[in-house]
Peer 1: 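To start, I am sharing the structure in question, which I have written as structure tokens.
Throughout, protein chains are lettered first and strands after them, A, B, ... in sequence-line order, and every chain is numbered starting at 1.
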2 protein chains.
Amino acid sequence: MTGTVEADNHPFVRKVASVALFDLSEPERKALAGLPMHVARYEAHQDVVVEHDRPNRCFAVLSGLAATYKTTRDGRRQVVAYHVPGDVPDFQSLHLEVLDFSISAVTDLRIGFVAHDALRAMFDAHPRLGDVFWRTTLIEGALSREWMLNNGRRESYPRMAHLFCELMVRMEVVGLATGHSCPLALTQYELADALGISSVHVNRILKELRERGLITLSGGRLTIHDWTALARAGEFDPTYLHLKETDS
Amino acid sequence: MTGTVEADNHPFVRKVASVALFDLSEPERKALAGLPMHVARYEAHQDVVVEHDRPNRCFAVLSGLAATYKTTRDGRRQVVAYHVPGDVPDFQSLHLEVLDFSISAVTDLRIGFVAHDALRAMFDAHPRLGDVFWRTTLIEGALSREWMLNNGRRESYPRMAHLFCELMVRMEVVGLATGHSCPLALTQYELADALGISSVHVNRILKELRERGLITLSGGRLTIHDWTALARAGEFDPTYLHLKETDS
DNA sequence: CGACTAGTTGAACGACGTCAACCGTTGTGG
DNA sequence: CCACAACGGTTGACGTCGTTCAACTAGTCG
């Protein structure tokens, strides 16, 4: 293996390459792969950062699933984003001092911390990389908007269908899905918090999706048996994910 | 009047100065004020940009109120953000080719278009300004998250209270509110689309807020009679707006 | 084997939606 | 200058989607 191949397997290089609209230069690859990264592990349900924190570092998800969430005063929880490997969920801490959300491990999680200073130095030296990271934060914004539409204007059946479509596509993009099946260890409570409904209702909708032969979600695994029907039910159009054209 | 004062009244200079964590240098002010801007007017309910557009320019709201929205296939509409003067609602078009949302004029609107090329040139010459605009897009992301919590986990009464609190604070920041009263020409239909409820229900909640003496919304004007009670009802905590410390 | 957690299901309730009628204001054209 | 259409707001009656409460099951861990 050459150094180049090694760098290409680095999570940052993979992620940035998948988002950038240009080919990364060799110095850019080196800068990304050379970022000093501190790897840490979290168990499911642990918080990585919490609201009001003032981090001096960002982190990338290396493996597992993370969730950004907020809570009301009386403890009701709303998941506002899920993060698959490669994502940098608290990137905004680079420019906004105090966090307005918390991020927790949904499953066992491996993450890599990178100091703000190191990132800033890299962006100074390689401005195009800054633009790519900017692009990633804008894509996250696009996901937020789609979630708002989904949670605000679709009933729970299509709403859940839409969420499963999104998660499957994103898992496919990072190579974690095979044949419309991917690891997804979400409890029904967590699903409820993402969809803005109750866990009891999640259970009923899940049952309906299962009985109609669209999906199964069990054993920490989501399998979509009828992609076409699920996408139709959820009115799923992946444009908002802003993927670069690959296959479908 | 000196050239400096003139520049300080320029919408971009005002906006950037209000968001930046540092003092703008004179060259930076000049660059902002010197951006070639094409002013245009839109009547209420006209679209400025629509989903799937591929703009080669951004625009700033100069006066009036704009709304970013998305629709489901059957035409149900969800407003995902409001934009007050100074905001640059489609900034993401600088980095994402195709729009995943539409933006319409809520009231009569005056906007200023700025070509992407001009912005890119400015960011190359003044990297700190790029960081400030990045910061603004991250703040918009914070608003999205708060909206998701609000729409997903609060019932319609506190939900509407929260929205009015947010809008009032934002109007105050740009100097359009006096004594908890500001122009706000939203119809009940539009309010419904922002809150994810029906217009009939908006009417009822509005009546309740009015009868409890918290607000009045009429004649294109929102007046908050009891800020404390409204903020309490909406569990409003302005942290997520990421304002720089001024008054309260 | 007991304790705990996640899932499942029924029944009653409630928040909100839908439908429909009606009112008030505005603006336009005969 | 009035008629009337168009639109936004208001209200009641009723339907429904989703919640809440509660009981029960199944799997897992010590």
Peer 1: Generate the contact string for nucleotides 13-23 of chain C. Rules: B means base contact, S means sugar-phosphate contact only, - means no protein heavy atom under 4.0 Å.
Peer 2: --SSBBB----
Peer 1: Return each pair, listed once, that meets ring-ring contact (aromatic ring centres under 6.0 Å, His included) where at least one residue sits in residues 51-78 of chain B; pairs must be two or more places apart or across chains.
Peer 2: B/Phe59-B/Phe113
Peer 1: Please enumerate all residues that pass side-chain hydrogen bond (donor to acceptor under 3.5 Å, both in side chains) together with A/Thr187, with sequence neighbours excluded.
Peer 2: A/Glu190
Peer 1: Mind telling me whether B/Trp227 and B/Phe236 have parallel, tilted or perpendicular rings, with 30° and 60° as the class edges?
Peer 2: perpendicular
Peer 1: Applying side-chain contact (heavy atoms from CB on, under 4.5 Å), can you list everything that pairs with A/Leu176, at least two apart in sequence or on another chain?
Peer 2: A/Pro85, A/Met171, A/Val174
Peer 1: Using rotation axes that map the C1' atoms of four end pairs onto the next four (five pairs an end), what angle separates the end axes of the helix from C/dC1-D/dG30 to C/dG30-D/dC1, to 10°?
Peer 2: 30°
Peer 1: Taking any atom under 4.0 angstrom from a heavy atom of chain A, which nucleotides of DNA chain D are the first and last to qualify, 5' to 3'?
Peer 2: D/dC17 to D/dC21
Peer 1: Please check if atom CZ in B/Arg41 has more than 12 non-hydrogen atoms from other residues, nucleotides or ligands closer than 6.0 Å.
Peer 2: no
Peer 1: Residues two or more places apart in sequence or in another chain: which of them pass salt bridge (Lys or Arg N to Asp or Glu O under 4.0 Å) with A/Arg221?
Peer 2: none
Peer 1: Should A/Tyr240 and A/His162 be marked as a ring-ring contact (aromatic ring centres under 6.0 Å, His included) after you check the CA-CA gap, both sets of side-chain angles, and the distance that decides it?
Peer 2: CA-CA 12 Å; A/Tyr240 74 97; A/His162 190 282; 5.8 Å; yes
Peer 1: Any protein N or O atoms within reach of nucleotides 4-7 of chain C? Criterion: under 3.5 Å, listing atom names and distances.
Peer 2:
from: C/dG7; atom 1: OP2; to: A/Gln188; atom 2: N; distance (Å): 2.8

Peer 1: Pair up each side-chain donor or acceptor in residues 102-109 of chain A with any protein partner under 3.5 Å, not counting sequence neighbours, and list the distances.
Peer 2:
from: A/Ser102; atom 1: OG; to: A/Glu51; atom 2: N; distance (Å): 3.0
from: A/Thr107; atom 1: OG1; to: A/Leu65; atom 2: N; distance (Å): 3.0
from: A/Asp108; atom 1: OD1; to: A/Ala44; atom 2: N; distance (Å): 3.0

Peer 1: Tell me every residue that passes side-chain contact (heavy atoms from CB on, under 4.5 Å) with B/Asp87, counting only those two or more places apart in sequence or in another chain.
Peer 2: B/Lys15, B/His83, B/Val84, B/Arg170
Peer 1: Going by side-chain contact (heavy atoms from CB on, under 4.5 Å), name the residues that satisfy it together with A/Gln188, two or more places apart in sequence or in a different chain.
Peer 2: A/Val202, A/Asn203, A/Leu206
Peer 1: So which pairs with a foot in residues 222-243 of chain A pass salt bridge (Lys or Arg N to Asp or Glu O under 4.0 Å), sequence neighbours left out?
Peer 2: A/Arg154-A/Glu235
Peer 1: Check this for me: does any side-chain nitrogen of one of A/Arg212 and A/Glu208 sit under 4.0 Å from a carboxylate oxygen of the other?
Peer 2: yes
